[in-house]
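Read the numbers this way: they start at 1 and go in the same order the structure lists the ligands and their atoms. The analysis underlying the following values was restricted to heavy atoms, covering all of them including side chains, and did not include hydrogens, waters or symmetry mates.
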Amino acid sequence: MITNDFWLERWQTGRIGFHQEGINPKLVDYWPILAKQSKVLVPLCGKTNDMIWLAEQGYQVTGVELSSLAIIEFIGDNDLTYETLQQGNLKIHTVNELPIRLIEGDYFDFNEQGFDACYDRAAMVAMPQNVREKYVQHTLQRLSQKAFVLLITLQYQGDKKGPPFSVAEKEVIQLWGTDIKKLASENLMETNPDYRDGSYTSFEESVWHIDQN
Ligand SMILES: C[S@@+](CC[C@H](N)C(=O)[O-])C[C@H]1O[C@@H](n2cnc3c(N)ncnc32)[C@H](O)[C@@H]1O
(Lines give C-alpha, C1' and ligand atoms only; values in the text may rest on other atoms or scores of the structure.)
Protein backbone atom coordinates (compact mmCIF):
# COMPACT_ATOMS: atom_id res chain seq x y z
CA MET A 1 0.00 0.00 0.00
CA ILE A 2 1.24 3.49 -0.83
CA THR A 3 1.00 5.54 2.35
CA ASN A 4 2.48 8.90 3.33
CA ASP A 5 5.16 6.95 5.23
CA PHE A 6 6.13 5.21 1.99
CA TRP A 7 7.02 8.61 0.48
CA LEU A 8 8.70 9.94 3.60
CA GLU A 9 10.86 6.84 3.64
CA ARG A 10 11.73 7.25 -0.04
CA TRP A 11 13.08 10.71 0.75
CA GLN A 12 14.88 9.55 3.89
CA THR A 13 16.66 6.78 1.99
CA GLY A 14 17.34 8.90 -1.09
CA ARG A 15 15.28 6.69 -3.42
CA ILE A 16 14.07 9.56 -5.57
CA GLY A 17 14.65 8.27 -9.09
CA PHE A 18 11.68 10.38 -10.21
CA HIS A 19 13.64 13.61 -9.65
CA GLN A 20 15.04 15.25 -12.78
CA GLU A 21 18.03 17.57 -12.52
CA GLY A 22 17.06 19.79 -15.43
CA ILE A 23 13.82 21.45 -16.43
CA ASN A 24 11.31 19.07 -17.97
CA PRO A 25 11.44 19.79 -21.74
CA LYS A 26 7.72 19.05 -22.05
CA LEU A 27 6.92 21.84 -19.61
CA VAL A 28 8.93 24.29 -21.70
CA ASP A 29 7.43 23.03 -24.98
CA TYR A 30 3.78 22.80 -23.96
CA TRP A 31 3.17 25.42 -21.29
CA PRO A 32 0.76 27.93 -22.86
CA ILE A 33 0.98 31.70 -22.66
CA LEU A 34 -0.26 32.85 -19.30
CA ALA A 35 -0.30 36.32 -17.75
CA LYS A 36 2.57 37.21 -15.43
CA GLN A 37 1.64 37.01 -11.73
CA SER A 38 -0.74 34.12 -12.47
CA LYS A 39 -1.01 31.69 -9.59
CA VAL A 40 0.36 28.27 -10.54
CA LEU A 41 -0.17 25.18 -8.40
CA VAL A 42 2.35 22.31 -8.44
CA PRO A 43 0.85 19.42 -6.45
CA LEU A 44 3.19 16.77 -5.04
CA CYS A 45 6.11 18.92 -6.14
CA GLY A 46 9.05 17.02 -4.64
CA LYS A 47 12.06 19.25 -5.26
CA THR A 48 11.40 19.76 -8.93
CA ASN A 49 13.36 22.52 -10.61
CA ASP A 50 10.34 23.01 -12.85
CA MET A 51 9.15 25.35 -10.08
CA ILE A 52 12.20 27.54 -10.72
CA TRP A 53 11.35 27.73 -14.43
CA LEU A 54 7.72 28.64 -13.65
CA ALA A 55 8.80 31.32 -11.17
CA GLU A 56 11.24 32.74 -13.72
CA GLN A 57 8.35 33.14 -16.17
CA GLY A 58 6.87 35.58 -13.63
CA TYR A 59 4.22 33.35 -12.04
CA GLN A 60 3.40 33.00 -8.35
CA VAL A 61 4.25 29.35 -7.76
CA THR A 62 2.84 27.17 -4.98
CA GLY A 63 4.25 23.67 -4.55
CA VAL A 64 2.71 21.20 -2.12
CA GLU A 65 4.89 18.43 -0.71
CA LEU A 66 4.74 15.96 2.15
CA SER A 67 8.44 15.62 2.83
CA SER A 68 10.40 18.27 4.73
CA LEU A 69 13.56 16.76 3.23
CA ALA A 70 12.35 17.52 -0.30
CA ILE A 71 11.80 21.12 0.73
CA ILE A 72 15.16 21.46 2.46
CA GLU A 73 16.90 19.95 -0.57
CA PHE A 74 15.04 22.24 -3.00
CA ILE A 75 16.10 25.27 -0.97
CA GLY A 76 19.70 24.05 -0.57
CA ASP A 77 20.17 22.94 -4.20
CA ASN A 78 19.02 26.34 -5.45
CA ASP A 79 20.82 28.51 -2.85
CA LEU A 80 17.55 29.96 -1.60
CA THR A 81 16.33 31.10 1.80
CA TYR A 82 12.80 31.06 3.22
CA GLU A 83 10.52 32.04 6.05
CA THR A 84 8.03 29.65 7.62
CA LEU A 85 4.55 30.04 9.02
CA GLN A 86 2.55 27.21 10.61
CA GLN A 87 -1.07 27.06 9.45
CA GLY A 88 -3.01 24.16 10.96
CA ASN A 89 -1.40 20.94 9.77
CA LEU A 90 0.60 22.74 7.10
CA LYS A 91 3.86 24.65 7.11
CA ILE A 92 3.98 27.49 4.60
CA HIS A 93 7.54 28.20 3.49
CA THR A 94 7.87 31.45 1.52
CA VAL A 95 11.03 31.69 -0.56
CA ASN A 96 12.74 35.08 -0.31
CA GLU A 97 14.47 35.22 -3.70
CA LEU A 98 11.73 33.94 -6.03
CA PRO A 99 7.89 34.00 -6.07
CA ILE A 100 7.64 30.45 -4.72
CA ARG A 101 5.76 29.11 -1.71
CA LEU A 102 6.33 25.54 -0.60
CA ILE A 103 3.50 24.07 1.41
CA GLU A 104 4.73 21.24 3.59
CA GLY A 105 2.08 18.69 4.49
CA ASP A 106 -0.54 16.37 3.08
CA TYR A 107 -1.98 17.65 -0.20
CA PHE A 108 -5.46 16.66 0.96
CA ASP A 109 -5.12 19.14 3.87
CA PHE A 110 -4.35 21.97 1.44
CA ASN A 111 -7.54 23.88 0.75
CA GLU A 112 -6.54 27.13 -0.95
CA GLN A 113 -8.49 27.98 -4.09
CA GLY A 114 -8.28 30.33 -7.04
CA PHE A 115 -5.22 28.99 -8.88
CA ASP A 116 -4.97 30.02 -12.54
CA ALA A 117 -3.11 26.93 -13.65
CA CYS A 118 -1.76 23.63 -12.44
CA TYR A 119 1.32 21.68 -13.50
CA ASP A 120 1.14 17.95 -12.80
CA ARG A 121 4.23 15.92 -13.58
CA ALA A 122 4.60 12.64 -11.67
CA ALA A 123 1.79 13.63 -9.30
CA MET A 124 -1.39 11.95 -10.52
CA VAL A 125 0.64 8.92 -11.63
CA ALA A 126 2.11 8.74 -8.11
CA MET A 127 -1.38 8.23 -6.70
CA PRO A 128 -2.66 4.64 -6.45
CA GLN A 129 -5.90 3.92 -8.22
CA ASN A 130 -8.09 4.05 -5.14
CA VAL A 131 -7.17 7.69 -4.41
CA ARG A 132 -6.69 8.94 -7.97
CA GLU A 133 -10.22 10.26 -8.37
CA LYS A 134 -10.01 12.01 -4.99
CA TYR A 135 -6.70 13.57 -6.09
CA VAL A 136 -8.17 14.86 -9.37
CA GLN A 137 -11.28 16.25 -7.68
CA HIS A 138 -9.17 17.92 -4.98
CA THR A 139 -6.97 19.48 -7.67
CA LEU A 140 -9.89 20.73 -9.77
CA GLN A 141 -11.39 22.31 -6.63
CA ARG A 142 -8.22 24.36 -6.14
CA LEU A 143 -8.57 26.01 -9.58
CA SER A 144 -10.40 29.11 -10.77
CA GLN A 145 -13.03 28.79 -13.49
CA LYS A 146 -10.74 29.73 -16.37
CA ALA A 147 -7.80 27.69 -15.18
CA PHE A 148 -6.00 24.97 -17.12
CA VAL A 149 -3.94 21.94 -16.14
CA LEU A 150 -0.83 20.77 -17.94
CA LEU A 151 -0.64 17.08 -17.12
CA ILE A 152 2.03 14.49 -17.91
CA THR A 153 0.95 10.85 -17.67
CA LEU A 154 2.51 7.44 -18.21
CA GLN A 155 1.03 4.33 -19.74
CA TYR A 156 3.17 1.22 -19.77
CA GLN A 157 3.12 -2.56 -19.88
CA GLY A 158 5.62 -4.74 -18.11
CA ASP A 159 6.67 -6.33 -14.85
CA LYS A 160 7.14 -3.20 -12.77
CA LYS A 161 4.12 -1.96 -10.89
CA GLY A 162 4.50 1.52 -9.50
CA PRO A 163 4.63 4.27 -8.49
CA PRO A 164 4.72 5.70 -11.05
CA PHE A 165 1.50 3.95 -12.00
CA SER A 166 0.40 3.27 -15.52
CA VAL A 167 -2.81 5.19 -16.16
CA ALA A 168 -4.77 4.29 -19.28
CA GLU A 169 -5.87 7.03 -21.63
CA LYS A 170 -9.49 6.19 -20.97
CA GLU A 171 -9.04 6.72 -17.22
CA VAL A 172 -7.24 10.04 -17.76
CA ILE A 173 -10.14 11.32 -19.85
CA GLN A 174 -12.75 9.95 -17.48
CA LEU A 175 -11.09 11.55 -14.42
CA TRP A 176 -10.31 15.01 -15.79
CA GLY A 177 -13.49 15.72 -17.75
CA THR A 178 -14.36 16.27 -21.33
CA ASP A 179 -12.40 19.44 -22.07
CA ILE A 180 -9.12 17.57 -22.39
CA LYS A 181 -6.69 17.48 -25.30
CA LYS A 182 -3.70 15.24 -25.80
CA LEU A 183 -0.86 17.47 -26.98
CA ALA A 184 1.89 14.91 -27.45
CA SER A 185 2.94 11.36 -26.86
CA GLU A 186 6.41 9.83 -26.74
CA ASN A 187 7.43 6.19 -26.64
CA LEU A 188 10.22 6.44 -24.07
CA MET A 189 11.53 2.99 -25.03
CA GLU A 190 12.55 4.48 -28.35
CA THR A 191 14.04 7.71 -27.05
CA ASN A 192 15.54 6.74 -23.66
CA PRO A 193 17.78 3.65 -23.11
CA ASP A 194 16.85 3.60 -19.37
CA TYR A 195 13.49 2.12 -20.36
CA ARG A 196 15.05 -0.77 -22.30
CA ASP A 197 16.25 -2.86 -19.33
CA GLY A 198 13.65 -5.54 -20.00
CA SER A 199 11.16 -4.37 -17.36
CA TYR A 200 8.73 -3.00 -19.90
CA THR A 201 7.27 -3.99 -23.23
CA SER A 202 5.92 -0.49 -23.87
CA PHE A 203 6.27 2.85 -22.11
CA GLU A 204 4.45 5.91 -23.35
CA GLU A 205 4.55 9.40 -21.86
CA SER A 206 1.73 11.77 -22.81
CA VAL A 207 1.15 15.47 -22.32
CA TRP A 208 -2.39 16.75 -21.82
CA HIS A 209 -4.01 20.16 -21.63
CA ILE A 210 -7.19 20.33 -19.59
CA ASP A 211 -9.57 23.26 -19.40
CA GLN A 212 -12.20 23.57 -16.70
CA ASN A 213 -15.63 22.58 -17.97
C1 LIG B 1 6.84 10.84 -7.89
S2 LIG B 1 7.22 12.19 -6.86
C3 LIG B 1 7.10 13.53 -8.02
C4 LIG B 1 7.70 14.82 -7.54
C5 LIG B 1 7.67 15.96 -8.57
N6 LIG B 1 6.34 16.20 -9.09
C7 LIG B 1 8.65 15.73 -9.67
O8 LIG B 1 8.26 15.81 -10.84
O9 LIG B 1 9.83 15.48 -9.38
C10 LIG B 1 5.76 12.34 -5.88
C11 LIG B 1 5.94 13.30 -4.72
O12 LIG B 1 4.70 13.47 -4.05
C13 LIG B 1 4.92 13.53 -2.66
N14 LIG B 1 3.63 13.12 -2.06
C15 LIG B 1 3.06 11.90 -2.09
N16 LIG B 1 1.86 11.91 -1.48
C17 LIG B 1 1.66 13.18 -1.07
C18 LIG B 1 0.60 13.83 -0.37
N19 LIG B 1 -0.50 13.16 0.02
N20 LIG B 1 0.72 15.14 -0.11
C21 LIG B 1 1.82 15.83 -0.50
N22 LIG B 1 2.86 15.27 -1.16
C23 LIG B 1 2.79 13.95 -1.43
C24 LIG B 1 6.07 12.59 -2.42
O25 LIG B 1 6.76 12.87 -1.23
C26 LIG B 1 6.93 12.83 -3.66
O27 LIG B 1 7.89 13.83 -3.45
Student: So, are K182 and E169 salt-bridged, with charged N and O less than 4.0 Å apart?
Tutor: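 Yes, this pair counts.
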Student: Please tell me whether Q155 and S166 have a donor and an acceptor in their side chains that are separated by less than 3.5 angstrom.
Tutor: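 No, no side-chain donor-acceptor contact under 3.5 Å.
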Student: To the nearest 0.1 Å, how far is atom 4 (C) of ligand 1 from its closest protein heavy atom, and which atom is that?
Tutor: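 Result: L44 O, 3.3 Å.
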Student: If you count heavy atoms of other groups shown closer than 6.0 angstrom to CD of Q57, is the number above 12?
Tutor: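 Count over threshold, so yes.
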Student: To which protein heavy atom is atom 10 (C) of ligand 1 closest, and what is the distance rounded to 0.1 Å?
Tutor: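 The closest one turns out to be A122 O, 3.7 Å.
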Student: For ligand 1, is there an N or O atom under 3.5 Å from any N or O atom of A126?
Tutor: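 Not met; the criterion fails.
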Student: Counting only heavy atoms not in Q87, do more than 12 fall under 6.0 Å of its CD?
Tutor: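 Atom CD in Q87 is not crowded, with 12 or fewer foreign heavy atoms closer than 6.0 Å.
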Student: Nearest to atom 19 (N) of ligand 1, what protein heavy atom do you find, and at what distance?
Tutor: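 Closest protein heavy atom to atom 19 (N) of ligand 1: D106 OD1, 3.2 Å.
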Student: Can you tell which part of C45 has a heavy atom less than 4.0 Å from ligand 1: side chain, backbone, both or neither?
Tutor: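 Only the backbone of C45 comes within reach of ligand 1.
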Student: Quick one: do W7 and Y107 satisfy ring pair (Phe, Tyr, Trp, His ring centres under 6.0 Å)? Show the steps, please.
Tutor: CA-CA 13 Å; W7 288 108; Y107 183 51; over 10 Å; no
Student: Classify the side-chain pair T62/E112 by whether it contains a donor and acceptor separated by less than 3.5 Å.
Tutor: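 Distance-only check fails for T62 and E112.
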Student: Any N or O on W11 sitting closer than 3.5 Å to an N or O of ligand 1?
Tutor: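 Such a contact does occur with ligand 1.
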Student: Just distances here: any N/O of S67 and N/O of ligand 1 closer than 3.5 Å?
Tutor: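 So ligand 1 has no N or O lying under 3.5 Å from an N or O of S67.
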Student: Nearest to atom 16 (N) of ligand 1 by heavy atom, W7, F6, F74: which?
Tutor: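 Ranked by closest heavy atom to atom 16 (N) of ligand 1, first place is W7.
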Student: At less than 4.0 angstrom from any non-hydrogen atom of N4, what atoms of ligand 1 do you find?
Tutor: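 In order of numbering, the contacting atoms are 19 (N).
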Student: So is L66 polar-close to ligand 1, meaning N/O to N/O under 3.5 Å?
Tutor: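 Yes, at least one N or O pair falls under 3.5 Å.
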Student: For atom 20 (N) of ligand 1, what's the nearest protein heavy-atom neighbour? Residue, atom name and distance, please.
Tutor: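 Scanning the protein heavy atoms, the shortest distance from atom 20 (N) of ligand 1 goes to Y107 N, 2.8 Å.
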Student: What do you reckon, does E65 have a nitrogen or oxygen under 3.5 Å from a nitrogen or oxygen of ligand 1?
Tutor: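 N/O-N/O distance below 3.5 Å exists for this pair.
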Student: Checking side-chain polar atoms at under 3.5 Å, does N96 have a donor or acceptor matched by the opposite partner on Y82?
Tutor: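 No, no side-chain donor-acceptor pair sits under 3.5 Å.
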Student: Regarding D116 and K146, does a basic nitrogen lie under 4.0 Å from an acidic carboxylate oxygen?
Tutor: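 No, no charged N to carboxylate O under 4.0 Å.
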Student: Below a 4.0 angstrom heavy-atom separation, can you tell me which part of V125, side chain or backbone, both or neither, approaches ligand 1?
Tutor: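 The answer is neither; V125 stays 4.0 Å or more away.
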Student: W208 and Y30: ring pair (Phe, Tyr, Trp, His ring centres under 6.0 Å), yes or no, with the steps?
Tutor: CA-CA 9 Å; W208 305 80; Y30 294 106; over 10 Å; no
Student: May I ask whether G105 has any heavy atom positioned less than 4.0 angstrom from an atom of ligand 1?
Tutor: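 Judged by the 4.0 Å heavy-atom criterion, G105 does count as contacting ligand 1.
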Student: Heavy atoms only: which of M124, R121, E104 lies closest to atom 6 (N) of ligand 1?
Tutor: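 Considering heavy atoms of M124, R121, E104, the nearest to atom 6 (N) of ligand 1 sits in R121.
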Student: Does NZ or CZ of K39 come closer than 6.0 Å to the centre of the six-membered ring of Y59, within 45° of the ring's axis?
Tutor: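 No; the conditions do not both hold, so K39 does not lie above the ring face of Y59.
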